[in-house]
There are 2 protein chains.
Amino acid sequence: MTTDAFLADCRARLAFDLLSNTWNAVVLWALRDGPRRPVELRERIGGISSKVLTETLRRLQFNGLVDRQEHPGAPVRVEYQLTPLGRTLLGPIDAVGAWAFEYGDEVIAAQDAACADGPESSGPPTQAGPGG
Amino acid sequence: MTTDAFLADCRARLAFDLLSNTWNAVVLWALRDGPRRPVELRERIGGISSKVLTETLRRLQFNGLVDRQEHPGAPVRVEYQLTPLGRTLLGPIDAVGAWAFEYGDEVIAAQDAACADGPESSGPPTQAGPGG
DNA sequence: CTGTATCCCCATGGATACTG
DNA sequence: CAGTATCCATGGGGATACAG
């Protein structure tokens, strides 16, 4: 393993903060195939409002992960794309996503088991499953 | 790349929800070397309250990622450790952490640049840097 | 030591409506 | 279409005090 300090080390926290939003990773991922217009992103992603999408893109932009391009014209056309830096984050994101595909079932199973074994104490400690 | 659908796909979201907490990944990481008592965890991690630590552990437990063991005795002794499933998550976590060590500087630089280029519009779109 | 119970702040993010 | 401005509900999580 490469990293050894996490805890007090803020450098590592930085990346987690980047992925600690509901939408950051999703939007990053949606941009992986190339530049996309906001309306496209909203269609691809689904369930994200205009406001929240913009906020997310601004965040990513601020952190140097995406780049905004404004093509002039009658109805102004805007495109967002990953920066080289943003592209490097696709690896870790994929690692996480791949894990979910591999072990997601086990997590679900564990949740069910927990609900079955001890419904007395339990409601899920928040964050059981998005349910969608 | 392995995964292709993210957006609508809840299976992938599951993993992100797991890492979308301030403390989940940190605690998981702090447990990588073996069983740990809460007090040890708090020392190793730093800056996490008893309450929040417990909540985090409960969450992880609920999702089948950690296991709780209660060794009886006068002052009850408790230990938490990763389950095999939890262990599988260390890979992705490490991927993210490694990324932070590799590219963290660039993110910081981008943030600074953003602050310098356009202080007019900007305060950081929230979530600039934990500052610690 | 381990864990719970409160109280409280505030950021995320959803809904909606409006401007260019 | 792109983006902003409000309003507002929810919950994470910090501080603190307390219980087993």
Side-chain angles (χ1 to χ4, degrees), chain A residues 13 16-27 35-62 66 68-81 118 120-132, chain B residues 13 16-27 35-62 66 68-81 118 120-132:
Chain A
R13 299 294 291 277
F16 282 103
D17 289 336
L18 250 29
L19 300 182
S20 283
N21 283 338
T22 307
W23 296 112
N24 276 11
V26 174
V27 170
R36 290 276 180 268
R37 304 174 57 195
V39 67
E40 293 177 291
L41 288 173
R42 296 192 56 190
E43 285 166 10
R44 279 192 82 171
I45 294 175
I48 185 174
S49 71
S50 164
K51 175 202 158 196
V52 172
L53 176 61
T54 302
E55 286 174 348
T56 303
L57 288 167
R58 289 275 180 287
R59 259 196 310 264
L60 297 174
Q61 196 180 357
F62 177 79
V66 310
R68 192 195 122 125
Q69 303 215 341
E70 196 169 321
H71 307 275
V76 189
R77 182 195 180 85
V78 178
E79 277 188 340
Y80 292 90
Q81 62 180 318
E120 327 84 29
S121 61
S122 50
T126 26
Q127 198 173 118
Chain B
R13 298 295 292 275
F16 282 104
D17 289 337
L18 249 30
L19 300 182
S20 284
N21 283 338
T22 306
W23 296 111
N24 277 10
V26 174
V27 170
R36 289 277 180 266
R37 304 174 55 195
V39 66
E40 292 177 293
L41 288 173
R42 295 193 57 190
E43 284 166 10
R44 278 192 83 172
I45 294 174
I48 185 173
S49 72
S50 164
K51 174 202 159 195
V52 172
L53 176 60
T54 302
E55 285 173 350
T56 303
L57 288 167
R58 288 275 179 287
R59 256 193 314 260
L60 297 174
Q61 196 180 357
F62 178 80
V66 309
R68 192 196 123 125
Q69 304 215 339
E70 197 169 320
H71 308 275
V76 189
R77 183 195 179 85
V78 179
E79 279 188 339
Y80 292 89
Q81 62 181 316
E120 326 83 29
S121 61
S122 50
T126 26
Q127 200 175 112

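Keep in mind it's a predicted model, so treat the numbers as computed, not measured.
Taking 4.0 angstrom as the limit, R37(B) places a side-chain polar atom (N or O) nearer than this to OP1 or OP2 of dT2(C). Look at W23(A) and you'll find a side-chain N or O under 4.0 angstrom from OP1 or OP2 of dG14(C). Contact annotation: R58(A) reaches the phosphate of dT4(D) (side-chain N/O to OP1 or OP2, under 4.0 Å). Close to dG13(C), at under 4.0 Å from its OP1 or OP2, lies a side-chain N or O of R59(A). Contact annotation: T22(B) side-chain N/O to dG13(D) OP1/OP2 distance is under 4.0 Å.
In this structure, K51(B) pairs ionically with E55(B), as a charged nitrogen and a carboxylate oxygen lie closer than 4.0 Å.
Atom-to-atom, CZ of F62(A) to P of dA11(C) comes out at 15 Å; the value is rounded to the nearest Å. Going from atom CZ of R77(A) over to atom P of dG3(D) covers 13 Å, rounded to whole Å. For the pair E55(B) CD and dG3(C) C1', the computed distance is 11 Å after rounding to whole Å. Between the P atom of dG13(D) and the CG atom of L57(B) lies a distance of 13 Å, rounded to the nearest Å. Atom C1' of nucleotide dT16(C) and atom CD1 of I48(A) are separated by 16 Å, given to the nearest angstrom. In this structure, the CG atom of D17(A) is 13 Å from the C1' atom of dA11(C), given to the nearest Å. Atom CZ in R42(B) sits about 11 Å away from atom P in dG14(D), given to the nearest Å. The distance from atom CD of E79(A) to atom P of dG3(D) is 12 Å, rounded to the nearest whole Å.
Summary of the strand contacts: V76(A) and G47(B) both lie near DNA chain D, and taking for each the nucleotide with the nearest heavy atom, the more 5' one is attributed to V76(A). For the pair P75(A) and V52(A), both in contact range of DNA chain D, the more 5′-proximal nearest nucleotide belongs to P75(A).
Residues V26(B) and I45(B) are in side-chain contact: their nearest non-hydrogen atoms beyond the backbone lie under 4.5 Å apart.
Counting non-hydrogen atoms under 4.0 angstrom, S50(A) reaches a base of the nucleic acid.
Using a distance-only test at 3.5 Å, with no hydrogens or angles considered, no donor-acceptor pair links the side chain of N24(B) to the main chain of L19(B). With hydrogens and angles disregarded, a donor-acceptor distance shorter than 3.5 Å links the side chain of E40(B) to the backbone of R37(B).
Interface remark: the K51(B) side chain does form a donor-acceptor pair with the dG14(D) base, using a distance-only criterion of under 3.5 Å.
Closest to the side chain of N21(B), from the set dG3(D), dC1(D), dG13(D), is dG13(D).
Annotation: cation-pi geometry not satisfied between R42(B) and W23(B) (NZ/CZ under 6.0 angstrom from ring centroid, within 45° of ring axis).
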